[in-house]
Amino acid sequence: MPKIEGTERIDQYRIRVPKGFVQGMRTEGIIFVDEILEQELELDSVRQVANVATLPGIVGKSLAMPDIHTGYGFPIGGVAAFDTEEGIISPGGVGYDINCGVRLLKSNLTRDEIEPRIKELVDLLYIHIPSGVGSTGKIKLNYEELKKVARKGAIWAVEQGYGEPDDLQRIESHGCLEGADPEVISKKAYERGKDQLGTLGSGNHFLEVQYVAEIYEPEIAEAMGLFKNQVTVMIHTGSRGFGHQICDDYVREMIQAAKKYGIELPDKELACAPFLSKEGQRYFAAMKAAANYAWANRQCLMHWTREVFLRVFKLSPKELAMSVVYDVAHNIAKEEIHMVNGKKMRVVVHRKGATRAFPKGHPELPQCYTHIGQPVIIPGDMGRVSFVLIGQDKAMQETFGSTCHGAGRLLSRTQAIKKAKGRSIKQELANRGIIVKSAGKETLAEEMPEAYKDVSNVVDVVHNAGLAHKVVKLKPMGVIKG
């Protein structure tokens, strides 16, 4: 029996949300879940998959990944593509934290080399990586400089000395989306963004020191430069208050635009405009600017992370060899060419809490990965594990080249705080050998492992469904949280 009445199981890893689930659906929904994860499905998130299917110009299916949970308008874990000629663009399909994403770094260090000094390392990272609610960093920008960040993304950061030109080769879109327009962004967004570049933020954002615990595909791992017991670092953050304000501004604008263009919405959180309309193009250009800010942000954080490692272990940059494995966006809309019903079509793909999983040979891959496919980085919670996968052809056929982005929340922040009452999450993690440093107890309570689905289950679904294949498993050693 399906957990949500009206849905149907197609096979071991997919359920269908049929066209009649809510009124006005133009296509069906597909949710990638096995029977275990199906038991954790919320009715509201399934309804959101169905609601997305009512939007004009949707092509293919309304999709959701196994980390699905209820979001703003679109579910988190949602993927939907819209015809660029007839379809819409919606801020709710991208999310408030535009280009929240993950960067994975590799090094020459091994677990044995850093384990004795992990506390010292985490303490120093916490000092040098600004984190917490509303945190501000070492970089103070005036409006003109911030506009350059909005146009150039990670390229700006490298030009300022935060990293190496080679870093850019392994970032989705080389860390810069063309067509960003700093002039369609509010003064309030610039005010919020001018002191936050190079900051981690709060909530589910983190910097995690890990090691390679298991290798599933030795040849592919080797092509990525990953080996057993190697120390890696994962940085998870986005566009901070800059992107949040841009989303906020355009949600309001899109509510009016939907009325203007006669778009009927089953939920006002799906506020949208035709992609080619003035409003649609303004939002798209502003969203690109926020995405660029996020890539610059992760670039700066990576630079300071490298500096901390060099200082603690007294190594030369060549000895440390800390470099980017890959950097992927989780909350973004992109114009892409996909095969739809047997013909090539230009679509705008919304990925919200979902990430690209392009297969080998795809023209948008960095040259170093064209022979293996795109690395897919899936963080878990701070107490369990994370994974690196590789994109597969099946993702192009079924999900517009997309897969999950993480474990997915199981408990709301309020529920997690309630469950953590009387416990020391920090001590519980220390007992597992994981050193955690955060701005406050509440963040650790909100982010405790039980607040999330088990990422191993989530990743098994996308692996077994053929969207992305497991390459390595990473285990946490030290974490800094906002």
Side-chain angles (χ1 to χ4, degrees), residues 4 7 15 17 21-22 24-33 41-83 87-101 204 238-239 243-244 246-248 250-255 257-258 263-275 279-280 283-284 286-287 290-291 329-336 347-356 399-406 408-409 412:
I4 306 291
T7 61
I15 62 170
V17 184
F21 195 85
V22 301
M25 287 174 72
R26 298 162 193 260
T27 184
E28 64 185 18
I30 300 289
I31 303 175
F32 288 81
V33 279
L41 271 180
E42 308 153 301
L43 175 60
D44 284 349
S45 62
V46 177
R47 197 173 277 134
Q48 286 183 328
V49 172
N51 286 344
V52 169
T54 70
L55 295 174
I58 189 166
V59 298
K61 313 278 196 286
S62 174
L63 302 160
M65 298 298 136
D67 49 347
I68 178 175
H69 52 291
T70 305
Y72 183 91
F74 283 59
I76 295 162
V79 177
F82 299 87
D83 178 0
I88 54 90
I89 187 167
S90 172
V94 171
Y96 273 86
D97 193 357
I98 297 166
N99 188 5
C100 181
N204 63 346
S239 50
H244 193 282
I246 286 169
C247 181
D248 207 39
Y250 277 94
V251 162
R252 283 199 289 273
E253 194 168 309
M254 292 292 193
I255 288 168
I263 299 169
E264 286 186 35
L265 301 173
D267 176 357
K268 70 174 175 44
E269 292 182 359
L270 292 171
C272 58
F275 179 64
E279 296 89 344
Y283 167 69
F284 196 40
M287 184 221 71
H330 289 161
N331 292 355
I332 205 158
K334 285 186 144 182
E335 257 189 287
E336 295 169 3
V347 292
V348 56
V349 183
H350 294 61
R351 296 184 180 93
K352 180 184 182 176
T355 188
R356 276 183 169 186
T399 63
F400 300 97
S402 312
T403 188
C404 63
H405 87 304
R409 281 199 85 90
S412 71

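What you see below is based on every heavy atom in this structure, not just the backbone, and it leaves out hydrogens, waters and symmetry mates. We count residues from 1, following the sequence as given.
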- In plain terms, say whether Arg409 and Glu42 are close enough for a salt bridge, that is, a side-chain N and a carboxylate O under 4.0 Å apart. no
Does the side chain of [Y] come within less than 4.5 Å of [X]'s, by heavy atoms?
X	Y	result
Ile246	Met287	no
Phe284	Glu335	yes
Tyr283	Met254	yes
Val46	Leu41	yes
Thr355	Thr403	yes
Thr399	Phe32	yes
Glu28	Val17	no
Ser45	His69	no

- Which word best sums up how the rings of Tyr96 and His244 line up, parallel for under 30°, tilted for 30 to 60°, or perpendicular for over 60°?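 Tyr96 vs His244 ring planes: tilted.
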Please tabulate, one pair per line, all N/O donor-acceptor pairs under 3.5 Å involving side-chain atoms of residues 52-65, not counting sequence neighbours.
from  : atom 1 : to    : atom 2 : distance (Å)
Thr54 : OG1    : Asn51 : O      : 2.6
Ser62 : OG     : Val49 : O      : 2.7

Grab the two heavy atoms, one from [X] and one from [Y], that are nearest each other, plus how far apart they are.
X	Y	value
Lys352	Tyr72	NZ-O, 2.8 Å
Ala271	Pro91	O-CD, 3.4 Å
Asn99	His330	OD1-N, 4.5 Å
Ala290	Ser239	O-CB, 3.3 Å
Ile88	Phe82	O-CB, 3.6 Å
Ile332	Ala291	CD1-CB, 3.9 Å

- Under 3.5 Å: donor-acceptor pair, side chain of Asn331, backbone of Asp97: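 A pair under 3.5 Å: yes.
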- Checking Asp67 side chain against His405 main chain: does a donor-acceptor pair fall under 3.5 Å? yes
- Can you list the residues that meet the salt bridge (Lys or Arg N to Asp or Glu O under 4.0 Å) rule with Glu264, with sequence neighbours excluded? none
- Query: What distance do Ile76 atom CD1 and Thr70 atom OG1 have between them, rounded to the nearest 0.5 Å?
  - Reply: 8.0 Å
- Message: To the closest 0.5 Å, what do you measure between CZ (Phe400) and CZ (Arg351)?
- Response: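 Rounded to the nearest 0.5 Å, the CZ-CZ separation comes out at 9.5 Å.
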- Task: Determine the sole option in Ile89, Ile255, Ile263, Val251 for which the side-chain contact (heavy atoms from CB on, under 4.5 Å) test with Cys272 is passed.
- Result: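 Exactly one pass, corresponding to Ile263.
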- Task: Please assess Phe74 against Asp267 for the test side chain to side chain contact (heavy atoms under 4.5 Å, CB included), listing each intermediate value before the final yes or no.
- Result: CA-CA 10 Å; Phe74 283 59; Asp267 176 357; over 6 Å; no
